[in-house]
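All residue numbers refer to positions in the sequence shown, counting from 1. Quick caveat: nothing in here was measured; it's all calculated off a predicted structure.
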Amino acid sequence: MATHAATKRYFGSAIIVGWVLVALVWVIFSSLAQNYVTYIPLLLAYAAWTVVAVLMFGRGLDRQMAAEPDTH
């Protein structure tokens with residue numbers, strides 16, 4: 001179906017937007033705390049989640065798209 005193609009197309013954009021939002025949260029809270037090192041685990045946790053999400057959801061989308069006939 002076309003919905004899976006749209007999901008695949010915007011997967012990379014979702015990762016970029018997520019990183020921008022996490023970076024903004026990191027900068028805001030780090031500057032408020034006057035300590036940028038304290039919030040580094042936030043960045044590391046999101047980096048790990050990004051890798052897990054790409055492996056889990058990216059492979060799943062590839063399998064679904066391969067199994068479905070192209071309707072375009």
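In the hydrophobic clustering of ILVMFWY residues, with side-chain heavy atoms under 4.5 Å counting as a link, L44 and L42 come out together. In the hydrophobic clustering of ILVMFWY residues, with side-chain heavy atoms under 4.5 Å counting as a link, V25 and V27 come out together. Placement of L43 and I28 in two distinct hydrophobic clusters is found when ILVMFWY residues are connected by side-chain heavy-atom separations under 4.5 Å, directly or transitively. I15 is connected to V52 through a chain of hydrophobic side-chain contacts under 4.5 Å among Ile, Leu, Val, Met, Phe, Trp and Tyr, so both are in one cluster. Taken together through direct or relayed side-chain contacts under 4.5 Å among Ile, Leu, Val, Met, Phe, Trp and Tyr, V22 and V20 form parts of separate hydrophobic clusters.
Take W49 and apply the side-chain hydrogen bond (donor to acceptor under 3.5 Å, both in side chains) test, not counting sequence neighbours, and it matches no residue.
Note on ring orientation: taking the six-membered ring where Trp is involved, the planes of F29 and Y39 are tilted (angle from 30° to 60°).
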Decide ring-ring contact (aromatic ring centres under 6.0 Å, His included) for Y46 and W26; before the verdict, give the C-alpha distance in whole Å, the side-chain angles of both, and the deciding distance to 0.1 Å.
-> CA-CA 11 Å; Y46 194 73; W26 180 71; over 10 Å; no

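Here the CG-CD1 distance, from L21 to I16, works out to 12.0 Å after rounding to the nearest 0.5 Å.
Heavy-atom minimum distance, W19 versus A47: CZ2-CA, 3.5 Å.
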